[in-house]
> 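Here it is: the structure, laid out below.
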Amino acid sequence: MTGPTSLTPTASPRADQFSAAPVRPPLFPDRVVRRGLFGRIGRDTAFVVGIGLIVVIVGGAVFAPLLTPHDPMMISPTARLRPFSTDHLFGTDRLGRDLFARVVYGARISLFVGVSVAFLAALIGLFIGLVSGYVRALDGLIMRSMDALMSIPGILLAIAMMALFGSSVSNVIISITLVEIPRVARLVRGVVLSLREQVFVEAAVTSGNSSSRIILRHILPNTMAPLIVQASYVCASAMLTESILSFIGAGVPVTVPSWGNVMADGRALWQIRPSMIFVPAVALSLTILAINLVGDSLRDHLDPRLNRKI
Amino acid sequence: MLIFTLRRILATIPVMLAVALFIFVLLYLAPGDPAEMIAGDNASAAEIEQVRELLGLNQPFLVRFADWTAGLLRGDLGVSVFSRKPVTELILQRLEPTFSLMATTLIISITAAIPMGVIAAARAGSWIDRAIMGTAVLGFSVPVFATSYALSWIFSIQLNWLPVQGYQPLSEGLWAWFRHLIIPSIALGSVYMALIARITRTSMLEVLNQDYIRTAMAKGQSRTRILFEHALKNAAVSILTVIGLGVALLIGGAVVTESVFSIPGIGRLTVDAILQRDYPVIQGVVLFFSFVYVLINLAVDLAYRLFDPRIRL
């Protein structure tokens with residue numbers, strides 16, 4: 001960056017002496033340390049802590065077989081309710097399954113649900129929001145249906161969908177996505193509406209660009225920052241909803257070791273063995289905390305439109 | 001004011017109708033034949049057909065929706081497949097525990113969160129601000145059942161101060177009733193408190209930059225009076241909005257909290273209905289909670305006027 005700038009004649013002191021024309025200051029003075037987005041955000045403690053936690057948790061989920069020799073689903077009636085030990089780090093549950101293995105493997109399910117919902121809800125919500133914000137004729141209809149969808153409390157809507165579809169990981173993802181879509185769509189629509197009023201969009205319209213080109217080249221890129229921030233919150237909220245659904249028996253099938261299911265399993269004996277609930281609860285809380293920390297600092301750094309202080 | 005109120009009330013009708021249609025479609029698509037379920041296991045094909053005829057289940061979709069909506073207006077939510085009791089009756093029986101839990105949660109959360117937000121805003125950037133906002137982020141991140149079990153483990157099992165679970169109706173005495181609701185309300189309210197504290201801080205910070213706050217300071221008003229009277233009143237509209245919207249969290253959380261603490265409320269009814277695949281009950285409960293949510297937000301909209309007479313709709 002600094003190389004080419006200092007080599008240009010105007011920036012070189014020697015050239016100044018001989019040039020007759022008034023010297024313009026270099027566009028990018030090289031003594032000012034310029035930090036890109038990653039330079040600034042890298043100095044944000046919350047962001048660093050959040051990313052660090054996420055790396056550890058995702059790493060644990062990916063390399064689960066290396067972390068524990070135990071199978072999270074293996075029932076061994078002779079090893080029921082073992083206490084903490086070097087073999088069973090967090091002990092075993094009432095069916096003799098290793099709690100540490102279940103929590104480590106559980107990260108895979110919970111993260112998968114969170115990331116899938118964030119991706120799907122962002123994609124569909126983006127589409128709905130763009131259409132609603134740009135095609136004024138459809139706006140009323142779309143937004144009223146989103147309002148109706150949002151007036152059903154989220155978890156109850158997910159419960160109703162799960163009762164209808166039956167329990168499976170993909171149904172959990174579909175149900176929670178449906179809950180989250182209106183929130184993304186409303187955000188995108190708001191951003192599109194304010195972008196429509198901007199001069200650069202008006203300029204693009206007057207210079208005869210097609211609607212699809214305006215949406216794709218001028219509006220879409222500007223919705224990305226708030227969309228990414230929102231997607232991180234959707235991811236956290238989806239993981240919480242998944243755990244609640246599984247916990248009350250309306251989530252992923254009971255045989256799948258998601259964090260919600262591990263906690264649901266622990267309910268029966270929690271007064272004697274609180275670790276059965278607290279270990280997965282701490283894992284889940286830390287993951288969501290990490291995502292929230294990253295989301296908050298992304299919002300502060302990426303998106304001046306959203307309020308800094310909230 | 002009357003016209004404003006009426007107009008606002010009328011505006012909720014299409015929303016409620018859309019919610020009803022959506023939930024009706026859900027039940028319409030539900031697997032299993034309701035006629036078969038109601039007729040029982042040993043019913044012959046002719047008997048099932050008779051039930052179908054009787055309940056109008058062979059009618060076209062729109063006719064069924066119209067019938068069902070008409071029933072709704074009379075307060076008829078259908079009959080539970082499992083207990084054969086009217087859904088409305090099941091919900092009414094369990095109204096008290098759920099409303100008690102919601103009421104105590106609302107009161108505890110709001111009275112704790114608003115001063116927290118005000119103090120954080122008044123001391124923005126200080127350690128106390130960071131501490132309060134850090135707690136709020138934590139509140140967002142810990143699932144409601146984890147908070148429930150943690151509080152219950154500390155205060156009921158280790159310290160033995162409060163009952164582990166259960167519910168006492170209000171008729172058993174105020175203290176007995178409240179004692180059982182303390183831990184569930186705090187657990188249920190933790191996310192809600194975080195939400196309210198954050199929005200209070202944000203909107204207070206906005207208000208504190210206004211000229212009239214400087215004027216009040218210049219007049220020599222006390223800090224407390226400026227914060228809680230001049231500023232808070234003007235920040236109230238956005239706080240109220242979030243209080244209304246956050247009720248969705250409370251309703252979802254109540255389902256969990258009631259099953260953790262064995263509170264025999266509508267949340268428990270929901271969980272039991274899911275486990276038994278009792279679709280009419282699930283439908284009724286979702287509809288009931290959605291209407292409560294819409295009505296609470298209607299009340300919030302109307303309350304805006306109390307704080308800001310400029311607001312018109």
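Since this is a predicted model, take the numbers as computed values, not measurements.
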> Which heavy-atom pair separates B:L95 from B:I266 by the least distance, and what is that distance?
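Minimum heavy-atom contact is CD1-CD1, 3.6 Å.
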> Which one wins on heavy-atom pair count under 4.5 Å against chain B: A:L293, A:L156, A:D147?
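Option with the greatest count: A:L156.
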> Examine whether an atom of A:A236 lies under 4.5 Å from a heavy atom of chain B, and if so say whether it belongs to the side chain, the backbone or both; otherwise answer neither.
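Contact with chain B is absent: no heavy atom of A:A236 under 4.5 Å.
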> I'd like to know whether B:F24 forms a side-chain contact (heavy atoms from CB on, under 4.5 Å) with B:L287, so could you lay out the CA-CA distance, the side-chain angles of the two residues, the decisive distance to 0.1 Å, and finally the verdict.
CA-CA 9 Å; B:F24 179 76; B:L287 203 61; over 6 Å; no
> Which atoms of A:L240 come close to chain B, meaning under 4.5 Å heavy atom to heavy atom: side chain ones, backbone ones, both, or neither?
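Just the side chain, heavy atoms under 4.5 Å.
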> Check each atom of A:I152 against the heavy atoms of chain B and say whether the ones under 4.5 Å are side chain, backbone, both or neither.
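Looking at A:I152, backbone and side chain both touch chain B.
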> Compare every heavy atom of B:V191 with every heavy atom of B:G139, then report the nearest pair and how far apart it is.
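Closest heavy-atom pair between B:G139 and B:V191: O-CG2, 3.6 Å.
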> Measure distances from B:Y293 to the heavy atoms of chain A and classify the residue's part below 4.5 Å as side chain, backbone, both or neither.
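Contact with chain A involves the side chain of B:Y293 alone.
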> Which region of A:I291, side chain (C-beta onward) or backbone (N, CA, C, O), has a non-hydrogen atom less than 4.5 Å from a non-hydrogen atom of chain B, or is it both or neither?
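Neither; nothing under 4.5 Å.
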> Heavy-atom pairs under 4.5 Å with chain A: which of B:P143, B:A121, B:S156 has the most?
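With the most close heavy-atom pairs to chain A, the winner is B:P143.
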> What residue in B:F291, B:F145, B:F140, B:W153 has the most heavy-atom pairs under 4.5 Å with chain A?
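Highest number of heavy-atom pairs under 4.5 Å: B:F145.
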> Which region of A:M239, side chain (C-beta onward) or backbone (N, CA, C, O), has a non-hydrogen atom less than 4.5 Å from a non-hydrogen atom of chain B, or is it both or neither?
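For A:M239, neither part sits under 4.5 Å from chain B.
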> Measure the spacing between CE of B:M193 and CD1 of B:I132 and express it to the nearest 0.5 Å.
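Here the interatomic distance stands at 13.0 Å.
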> Is it the side chain or the backbone of B:V294 that comes within 4.5 Å of chain A heavy atoms, both, or neither?
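Just the side chain, heavy atoms under 4.5 Å.
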> For the CD1 atom of B:I274 and the OG atom of A:S167, what is their distance to the nearest 0.5 Å?
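Between atom CD1 of B:I274 and atom OG of A:S167 there are 11.5 Å.
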> Test A:E180 against every option in A:I176, A:L178, A:T177 by the side chain to side chain contact (heavy atoms under 4.5 Å, CB included) rule and name the one that passes.
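Between A:E180 and the candidates, side chain to side chain contact (heavy atoms under 4.5 Å, CB included) is satisfied uniquely by A:I176.
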> Is it true that A:R144 and A:D139 have a side-chain N and a carboxylate O under 4.0 angstrom from each other?
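Result for this pair is no, no salt bridge flagged.
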> How close do A:L187 and A:P226 get, counting heavy atoms only, and between which atoms?
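Smallest heavy-atom distance, with atoms named: CD2-O, 3.7 Å.
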> Side chain from CB out, backbone as N, CA, C, O: work out which of these in B:V144 comes under 4.5 Å of a heavy atom of chain A, or both, or neither.
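For B:V144, side-chain heavy atoms alone lie under 4.5 Å from chain A.
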> What part of B:T270 gets closer than 4.5 Å to chain A, counting heavy atoms only: side chain, backbone, both or neither?
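For B:T270, the contact with chain A is made by the side chain alone.
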> Hydrogens and angles aside, do A:E242 and A:S246 bring a side-chain donor and acceptor to less than 3.5 Å of each other?
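A donor-acceptor contact under 3.5 Å links the two side chains.
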> For B:L249, which atoms come within 4.5 Å of any heavy atom of chain A: side chain, backbone, both, or neither?
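Interface part for B:L249: neither.
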> Less than 4.5 Å to any heavy atom of chain B: does that hold for the side chain of A:I277, its backbone, both, or neither?
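For A:I277, the side chain is the part near chain B, not the backbone.
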> Name the option with the most non-hydrogen atom pairs under 4.5 Å to chain A; the candidates are B:A273, B:S203, B:A150.
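Greatest number of close heavy-atom pairs with chain A: B:A150.
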> Can you find a side-chain donor-acceptor pair between A:Y233 and A:R183 that sits under 3.5 Å?
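Not at all, the side chains of A:Y233 and A:R183 share no donor-acceptor pair under 3.5 Å.
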> Can you tell which of A:A250, A:A281, A:A290, A:A148 has the highest number of heavy-atom pairs within less than 4.5 Å of chain B?
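Winner by heavy-atom pair count: A:A148.
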